[in-house]
Structure formats: C-alpha cells, structure tokens
Amino acid sequence: MPSACDSLVDDIEDMVTSHDPTPHERQFAKRNIVPRPRKHKLQPAGEELQTDSVIPGTQKVWVRTWGCSHNSSDGEYMAGQLAASGYKITENPSDADLWLLNSCTVKNPAEDHFRNSIKKAQEQNKKVVVAGCVPQAQPRMDYLKDLSIIGVQQIDRVVEVVDEAIKGHSVRLLGQKKEKGKRLGGARLDLPKIRKNPLIEIISINTGCLNACTYCKTKHARGDLASYPIEELVERARQSFQEGVCEIWLTSEDTGAYGRDIGTDLPSLLWELVKEIPEGAMLRLGMTNPPYILEHLEEMGKILNHPQVYAFLHVPVQSASDSVLMDMKREYCCADFRRVVDFLKEKVPGITIATDIICGFPGETDEDFEQTMELVRKYRFPSLFINQFYPRPGTPAAKMEQIPAHMKKQRTKELSALFHSYNPYDHKIGERQRVLVTEESFDSQYYVAHNKFYEQVLVPKKSEFKGKMIEVDIYEAGKHYMKGRPVEDAQVFTPSIAQPLQKGQVSGLPQELKASHQNGVCASVASSALMGRSWRFDGDGLKLLSLGLALAALIVALVIDKLH
C-alpha cells in the first residue's frame with residue numbers, strides 16, 4: 001500500500017563520531033581470543049609463592065539484562081550456554097563469582113544503571129563481563145577499560161569469554177557474523193537457553209534495521225538489517241513448543257522490515273509460523289515501524305485475526321508533527337501512522353495498538369507538541385510508552401539545538417496526565433473472555449493472563465491455571481489491567497504439547513545430555529566439550545580432536561546415567 005505522503009529523504013548523515021570504531025575496524029576485528037593477562041606484583045625474595053588453581057566452568061554467574069525483548073532473548077541464550085557448560089547461574093548477585101551485564105543503549109538512565117552496576121561489581125571484587133548494545137556501540141568508553149566484552153553477534157562465544165575472564169584475562173569479541181561476505185542475523189537460534197519464563201519463548205527474527213533515526217544509538221550497535229531464514233525460525237518455534245512453551249514473542253529492532261534483505265517478508269514468515277502453533281497457544285508480534293507495515297496491511301489484518309495470534313501491534317509514532325518526524329528521519333508522516341491504525345481498527349475489531357512518543361525532541365514547538373496531544377486524545381491508546389528525549393552521544397540529534405530540560409519535563413508531565421485521564425477497559429466489565437495464563441504479578445498476589453487482544457487480566461493464583469487457557473468473567477478494571485473471575489465448571493484448556501521446563505532448566509540440550517545434566521555428575525565435562533570449549537583455535541585437526549572428545553564425554557555421561 002503506498003505511503004500517504006511520500007517525500008524525498010536527504011542522504012543519511014554520518015552518525016559515527018571520532019570515538020566510535022570505524023567500519024573497517026569492525027569488519028576486521030580479530031576473530032580469535034587474545035588474552036591480556038593482568039599484571040601481578042612479584043613476590044619478595046625468599047617468600048613462598050602461593051597459587052590457587054582456577055578451573056573455568058565451576059563458578060557461579062549472575063546475569064543481568066536491561067532493555068528490549070531482543071536483549072532479553074540474548075541474555076537467555078548466554079545464560080543457557082554457560083549453564084550447559086557447567087557454570088551455575090544464580091539469581092543472587094552476592095553469591096556470584098562473575099557478573100555478566102547485558103546492556104541497553106536506548107536511554108541515558110539505562111546506561112547509567114549499567115555503568116553503576118560495573119562499579120558495584122568492581123567494589124565487591126567480582127569478575128565482570130559486559131555485553132549488549134552499549135559496549136558494542138562504544139567499546140572505548142573509559143569505564144569499559146580492561147573489561148571483557150561480548151558483541152551482540154558473538155553471544156554464541158560467551159563461554160570462551162567467561163572462561164578467560166575467570167582466569168583473569170581481558171578479551172573482546174566485537175566482530176560481525178558473515179557467510180560468503182553477507183552479514184548474518186546473528187548467533188544460531190538452536191543454542192541452549194534458560195528462559196526467564198519457561199512458558200514464553202522470545203525469538204529474534206532479525207537484527208538491525210533499515211532506518212537511520214537521528215536519535216537512535218541502537219543502530220550503532222545492531223547495524224543494518226540482517227534476517228534469519230524462515231525455516232530456521234519455524235524450527236525454533238517448533239522446538240519451543242516441544243519444550244512446553246505456550247506463548248511465543250517475535251522480536252527485533254523492526255519486525256516489519258523482516259526479510260527485505262533475503263527476498264521475503266513478514267507475512268510470509270507469519271503464515272508459516274501459525275502452522276506450528278498448537279491450539280490454545282499464542283503468538284505475539286513485536287514492534288514494527290509504519291513504513292514497512294504499510295506495505296502489508298491487508299495480509300497483516302488477516303494474520304492478526306488468526307485465533308492463535310494476539311490482535312496486538314506495537315507501532316511507534318514518536319511524534320504527530322511531520323516537521324519533527326522529518327528531523328527524526330523517521331521516513332513517514334503522521335498520515336501514514338493514522339492510515340495503519342484506522343485500517344487495522346476496521347479490519348481487526350478490538351485490536352490493541354500500542355505506540356511510543358518522544359517528548360521534547362530538538363526543535364519541537366508548542367504547536368508540534370499539541371499535534372501529538374491531539375493524536376492521543378483521538379485514539380486513546382491503551383498502551384502508551386512516553387519517553388522524555390535524551391541526547392545520546394554520537395547521534396545527530398545530540399548535535400541539534402536542545403530544548404530546555406524544564407520544558408521537556410513539562411511536556412512529558414502533560415502527556416502523562418492525558419494518558420492517565422482515561423480508562424480503556426471500563427467498558428469491558430461484565431464480558432466473558434478466554435485468557436492464557438503465563439506469569440505471576442509483581443506483587444505475587446495474582447497470576448497474569450492475556451486475552452485475544454493482549455490485554456492484561458489478573459486471575460486467582462491457583463497452580464492449575466499456570467500455562468492454561470481459561471474462561472473468566474471480568475468484574476473489575478484498572479488503568480493497565482482487568483480482573484477476571486474463573487467461570488465455574490468451565491474447561492481448563494492445556495495448550496502445551498509437552499510438560500514445560502522447570503524454571504532455570506536449560507532449553508535446547510539433547511535429551512541424553514539433559515538427563516546427565518540433571519544428574520550433575522559429568523554434565524560439565526560433556527556439555528563443555530559439546531559447547532565447543534575446545535574449539536577456540538582454527539585447524540581441522542583440532543576440530544576433529546574436539547569432536548572426538550565431545551563424543552567420548554557424551555558416552556561417559558550415558559554410561560553413568562545408566563548406572564544411576
């Protein structure tokens with residue numbers, strides 16, 4: 001479908017500062033680990049040297065992730081690989097020997113929390129490994145000096161980096177994954193994972209995007225669009241359902257742009273995925289920007305009406321002023337956004353449209369801001385993410401003339417007041433709804449479920465409801481939720497085709513290895529070999545040796561398992 005206001009966009013200005021790595025430096029970053037030993041003071045003459053044996057793979061690791069669901073998925077993959085390799089993943093940072101900090105670069109406060117966590121870890125003499133968008137985009141930051149870094153496309157090598165960090169070495173893996181010169185979507189999708197919620201699988205369908213928004217720092221880290229093949233994504237979904245997952249989230253920096261680099265598109269992927277979704281299980285689509293969803297509105301309307309797909313779409317508008325959107329280089333105008341919303345509201349009755357708005361972007365006038373307020377008054381978005389503008393270092397917007405801080409705060413306050421002036425769910429009291437129960441509320445008083453429109457419904461905390469599709473009568477509504485009373489004698493439907501994994505259990509391991517991992521006898525040896533801990537150096541001979549060791553370790557694991 002054509003854009004409502006196609007206009008020419010100037011050449012994309014260079015967003016890379018002199019402090020950022022050049023494309024040449026990124027492309028030709030060393031692939032192999034080069035340890036940099038820490039310097040130790042020499043012992044006085046005559047004094048006996050005291051040494052401790054450090055065996056990587058036996059320590060406790062605390063994994064902390066900030067930011068989007070893509071980042072969350074990366075954190076789950078890193079935790080799974082470490083656990084499969086023998087490390088113990090702990091939820092208590094004080095008990096951990098090493099902190100793995102997975103960062104977000106979207107806002108200043110997120111990076112501040114990340115930086116403060118590094119300082120806190122160092123004060124407690126913890127080993128530190130950093131990951132995510134902050135170190136990928138700006139690895140030369142002073143507070144990252146001498147720290148080990150895992151790049152966003154290198155998460156499949158987390159075990160190597162943690163091993164070296166445990167031994168006191170500082171290593172950095174920031175390279176891009178390529179095949180025949182073409183950039184790949186990232187690490188393999190079939191890696192071991194520890195899902196934060198065993199009932200929910202987060203699948204990154206692509207990394208990077210095609211835009212160059214002037215305020216965005218994430219582009220520096222994630223780069224241009226690189227999509228995973230449809231067959232790999234379908235296989236990952238299939239595997240997830242075989243492990244008891246009942247809800248899948250598709251995520252990326254822009255799901256709407258999926259496939260444009262590999263000759264396919266988002267609807268083609270979605271139609272293949274819905275074939276794999278068991279009855280009662282659900283699929284949630286992640287954020288998509290207006291320019292790309294416009295091209296597929298008809299198909300997207302059909303897909304969002306599918307019974308196994310949430311009628312929910314996150315489409316960021318950021319501003320209702322075309323002047324501001326042009327300064328942001330968003331490549332659409334407000335009429336485009338309105339067309340998306342109006343079309344989907346007509347074709348998908350009851351659909352939930354979530355959106356994002358930035359308050360106080362450089363150059364935003366009172367008239368510009370009023371246009372945004374008017375957009376919210378018209379559509380009364382039930383889910384609205386309000387962000388005060390923060391200039392991110394190295395972005396074009398940081399060099400623009402800034403709006404005074406007090407004005408940004410005032411506009412954020414006004415928009416927040418408007419958002420809280422209406423209750424989107426009051427008219428739903430008395431409805432009977434089918435909801436899928438997947439989580440526990442923050443106060444631990446309820447279970448959290450979602451209806452077809454991905455609206456949050458709180459239900460009684462009964463163990464038999466977890467991971468089930470149930471019928472409820474809505475008896476109360478708040479700003480962000482409804483409360484449902486289970487219908488008496490109604491069937492409790494189980495969408496899972498298998499028993500869900502236990503919390504903290506590693507996903508994606510072969511069944512034989514999974515059994516030995518639970519015994520805890522030789523899991524570290526077998527999984528370490530299988531995870532490639534001996535594959536750090538190039539050479540066919542060493543690869544064959546590693547494979548032999550892996551098979552031998554697995555045979556030992558099976559024998560011990562039989563004896564048990």
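Values reported hereafter were calculated over all heavy atoms of this structure, with side chains retained and with hydrogens, waters and symmetry mates removed. Residues: numbered from 1 along the sequence shown.
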Within 45° of the axis and under 6.0 Å from the centre of the six-membered ring of Tyr310, does NZ or CZ of Arg284 qualify? no

Could you tell me whether [X] and [Y] have a side-chain N and a carboxylate O separated by less than 4.0 Å?
X      : Y      : value
Glu243 : Arg195 : yes
Lys177 : Asp156 : yes
Glu253 : Lys219 : no
Arg157 : Glu164 : no
Arg222 : Asp74  : yes
Asp142 : Lys145 : no

Please check: side-chain N/O of [X] versus main-chain N/O of [Y], any donor-acceptor pairing under 3.5 Å?
X      : Y      : result
Thr288 : Gly256 : yes
Lys347 : Lys302 : no
Asn289 : Pro291 : no
Ser72  : Cys68  : yes
Arg172 : Pro139 : yes
Gln81  : Tyr77  : yes
Thr214 : Asp327 : yes
Glu401 : Pro362 : no
Asp261 : Ser227 : yes
Ser117 : His113 : yes

Is the closest side-chain donor-acceptor distance between [X] and [Y] under 3.5 Å?
X      : Y      : value
Asn211 : Arg330 : no
Asn71  : Thr65  : no
Tyr87  : Asp163 : yes
Tyr143 : Glu111 : yes

Got more than 12 heavy atoms from elsewhere within 6.0 Å of NZ, Lys196? no

Mind checking the [atom1]-[atom2] spacing from [X] to [Y]? Nearest 0.5 Å is all I need.
X      : Y      : atom1 : atom2 : result
Ile203 : Glu232 : CD1   : CD    : 11.5 Å
Leu233 : Ser204 : CG    : OG    : 9.5 Å
Leu313 : Ile293 : CG    : CD1   : 5.5 Å
Ile277 : Met282 : CD1   : CE    : 8.0 Å

Aromatic ring proximity, centroids under 6.0 angstrom, Phe312 and His450: no

Parallel, tilted or perpendicular: which one describes the rings of Trp271 and His306, with boundaries at 30° and 60°? perpendicular

Mind checking whether Phe361 and Phe389 have parallel, tilted or perpendicular rings, split at 30° and 60°? perpendicular

Among Thr352, Asp356, Thr255, whose side-chain hydrogen bond (donor to acceptor under 3.5 Å, both in side chains) with His314 holds? Asp356

Taking all heavy atoms of Ala237 and all of Ile248, pick out the closest pair and write down the distance. CB-CD1, 3.6 Å

